[in-house]
Amino acid sequence: MILRRDQTVLVQGITGKQASFWTEKMLACGTRIVAGSSPGKGGNNVFGIPVYDSAVAAAATHSIDCTVLFTPPMATKLAVFDALEAGIRNLVVLAEHVPVHDVMEFVAAAKGVGAQLVGPNTAGVVTPGECAVGIMPGFAENIFQPGSVGVISRSGSLGTLICLDIVRAGFGESAFLGIGGDPVLGTTTADALRIFDGDAKTKAVVIVGELGGTMEEEAAEYAAQTKMSSRKPIVAFIAGRSAPPGRRMGHAGAIVIGSRGSGESKVRALRDAGATVLDTPSDIGSVLRNVLS
Amino acid sequence: MNVPEYIAKSLLRDAGIVTPDGEVARDARAAADHARKLGGRVAIKAQIPAGKRGKSGGIAFAETPEEAEAKAAALIGREVAGHRVDEVLIESAADIERELYVAILNDGSSRGPLLLFSREGGIEIEEQGETIVRRALDVRTGLDAATAREIAGDDALAELMQKMYERFIALDCELLEINPLARERSGRYIALDCKMTLDDSARPRQKELFARIETATGPLGTTLEQRARAASLYFIELDGEVGVLANGAGLTMTTLDAVHLHGGKPANFLEIGGEAYTKATVALELVLSNPRVRSVLVNFCGAFARTDVMAEGVAQAYETLRPSVPFFFSIHGTGEERAIEIVRERLGIEPFALMDDAVKAAIAAAREPAGVRA
């Protein structure tokens with residue numbers, strides 16, 4: 001999903017410490033937050049935003065395009081179902097350590113009603129100059145500038161480093177889509193690539209991937225089949241290429257099992273699909289200058 | 001978390017899946033006793049968390065209790081596939097007609113459980129090639145009898161697949177694999193091996209199961225890894241000399257890659273991301289506790305985590321620990337001006353403007369012979 005400034009946002013779990021801190025930051029980015037929800041906290045307000053007991057209750061009063069979930073991992077499944085029942089069709093799920101079977105269940109439910117779900121274990125999505133949803137510093141001008149580079153990242157910290165380099169090189173981002181570090185995700189690398197392929201503002205795409213799973217290979221398949229790199233150049237960096245097999249590198253999804261999910265297989269697939277794969281993120285500026293000139 | 005074979009098998013038996021009779025032995029004498037009690041031909045299986053156990057010599061067979069004793073004695077205390085064998089499982093050998101393969105795992109591509117089935121068992125999944133059946137399942141409806149029957153071809157096997165699926169869901173498995181699954185001459189199916197991995201994120205609702213496994217296996221990992229876990233930090237000890245401290249999983253992986261790319265070897269993976277970003281002090285203590293560390297590379301990129309808070313933590317730790325190894329910093333993102341000022345003024349160290357330059361300097365310092373540094 002690429003969110004626009006006119007879209008209305010609900011913050012689920014808004015009364016929590018992190019959520020209220022980030023509600024203020026998101027408002028500063030221009031995000032149109034119209035309501036919050038927290039079980040048992042209905043009737044309060046956070047920075048003037050009215051709080052309801054549930055997403056369903058909030059949706060009874062407000063028209064809501066998107067919700068961002070600041071929920072504890074074990075409470076996330078029910079909160080997603082609450083949002084879907086409320087008719088909300090764009091969901092950003094931030095929680096890390098949600099049981100994978102819960103994720104599979106709510107991802108299937110979201111798909112079943114045609115909702116877009118980003119996450120879990122994402123830092124969020126940013127449309128520079130318009131809005132930010134999640135815990136990315138959309139307000140930081142050295143990291144986010146309106147522009148034409150679409151960024152897809154499994155990681156918040158590394159995605160930030162890449163965005164810094166993009167802005168330092170004189171470019172800006174059409175959008176930053178943090179897709180999350182979990183093994184099962186609502187929006188995959190291929191889904192995000194498809195979104196940027198269809199976005200008129202995006203002239204090039206940067207994929208920040210990492211070892212584990214086969215998402216980057218599937219994205220490469222999409223790029224190869226549709227010859228995307230001839231329309232919009234793709235630049236990629238894959239983290240964890242030196243990681244020992246069988247060890248989980250911080251993210252639940254970052255693990256090589258057998259030969260499955262190795263960095264080398266991703267690099268090969270992306271290069272075969274016409275993408276430029278970087279050996280170090282520091283090269284991003286010069287490579288973008290080459291492909292966008 | 002990987003479940004030891006004998007516990008995994010007891011969890012299968014709870015659902016009515018047949019496994020060989022067997023018992024765990026920690027010494028050769030007990031192995032002989034178990035073999036005598038079981039009678040007939042037995043298998044002696046090293047209890048280690050590694051695949052390809054048969055190929056690495058971790059499985060032996062014995063016709064008599066005496067032979068079982070000798071073979072157990074040869075296994076216990078030995079290293080198999082990089083793991084020390086503390087326990088062996090003594091099991092009745094099955095009357096095998098053929099060996100099959102069944103597994104269920106969480107699949108990121110189909111975003112649901114994936115059932116894998118092959119009529120060629122006993123070998124690694126990577127070697128299965130064309131013979132394997134892959135069926136994506138909907139977690140909301142599960143594995144119904146008709147689908148199971150269609151994949152399995154016979155009722156007994158279909159029923160076993162459904163029982164496996166029930167276990168997979170009930171125990172929050174990431175992977176449940178029976179390989180080999182033996183069909184006996186009697187037509188009965190029996191699970192000769194079981195690889196079970198639990199979803200660590202499901203720990204809050206699987207407390208008893210996790211506790212049972214941890215009691216059986218003892219604490220996992222090196223001493224430093226255990227210390228990290230106690231402090232709620234994720235730390236992996238590696239065999240290099242450059243100590244690494246970074247924030248966020250993605251940036252930490254990238255920092256390790258950069259050390260490799262420029263010809264060095266990292267000493268650890270350690271991320272202080274998310275809510276752990278205030279734990280720089282305890283994190284730095286861990287990095288410095290590794291005697292192999294000859295230089296320390298600190299790479300911070302602040303998004304939601306603030307680099308000034310992390311730098312303050314590192315500065316405090318540095319002042320307390322007074323490390324003898326040199327430090328190299330790369331700091332970018334939220335709070336960087338203040339963070340760089342802290343490092344410059346309190347530690348007298350100038351952070352590098354480019355991550356790769358900090359990495360190269362840390363590698364060069366780690367290579368210097370000991371005693372050269374002031």
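No experiment lies behind these values; they were computed from the predicted model shown.
A salt bridge links A:Arg248 with B:Glu174: at least one charged nitrogen is closer than 4.0 Å to a carboxylate oxygen.
Contact of A:Met249 with chain B is made through backbone and side chain together, with heavy-atom distances under 4.5 Å. Within the 4.5 angstrom heavy-atom criterion, atoms from both the backbone and the side chain of A:Ile135 approach chain B. With a 4.5 Å cut-off on non-hydrogen atoms, A:Ala140 does not touch chain B at all. If you measure heavy-atom distances from A:Val107 to chain B, the contacts under 4.5 Å come from the side chain alone. For a residue to count as touching a neighbouring chain, one of its non-hydrogen atoms must lie under 4.5 Å from one of that chain's; by this rule A:Asn142 touches chain B with the side chain only.
Of all heavy-atom pairs spanning B:Leu261 and A:Asp279, the tightest one is CD2-O, 3.7 Å. Considering every non-hydrogen atom in both A:Leu164 and B:Cys301, the closest pair reads CD1-SG, 3.8 Å.
Counting heavy atoms from C-beta outward, B:Arg111 and A:Thr188 have side chains that approach closer than 4.5 Å. Two residues are said to be in side-chain contact when any heavy atoms from C-beta on lie closer than 4.5 Å; B:Asp200 and A:His97 fail this criterion.
Among A:Ser153, A:Gly156, A:Ser157, the residue making the largest number of heavy-atom pairs under 4.5 Å with chain B is A:Ser157.
In terms of modelled atom types and a separation under 3.5 Å, the side chain of A:His101 and the main chain of B:Cys173 share a donor-acceptor contact. Of the possible donor and acceptor atoms, one in the side chain of B:Asp199 sits under 3.5 Å from a partner among the backbone N and O of A:Val100.
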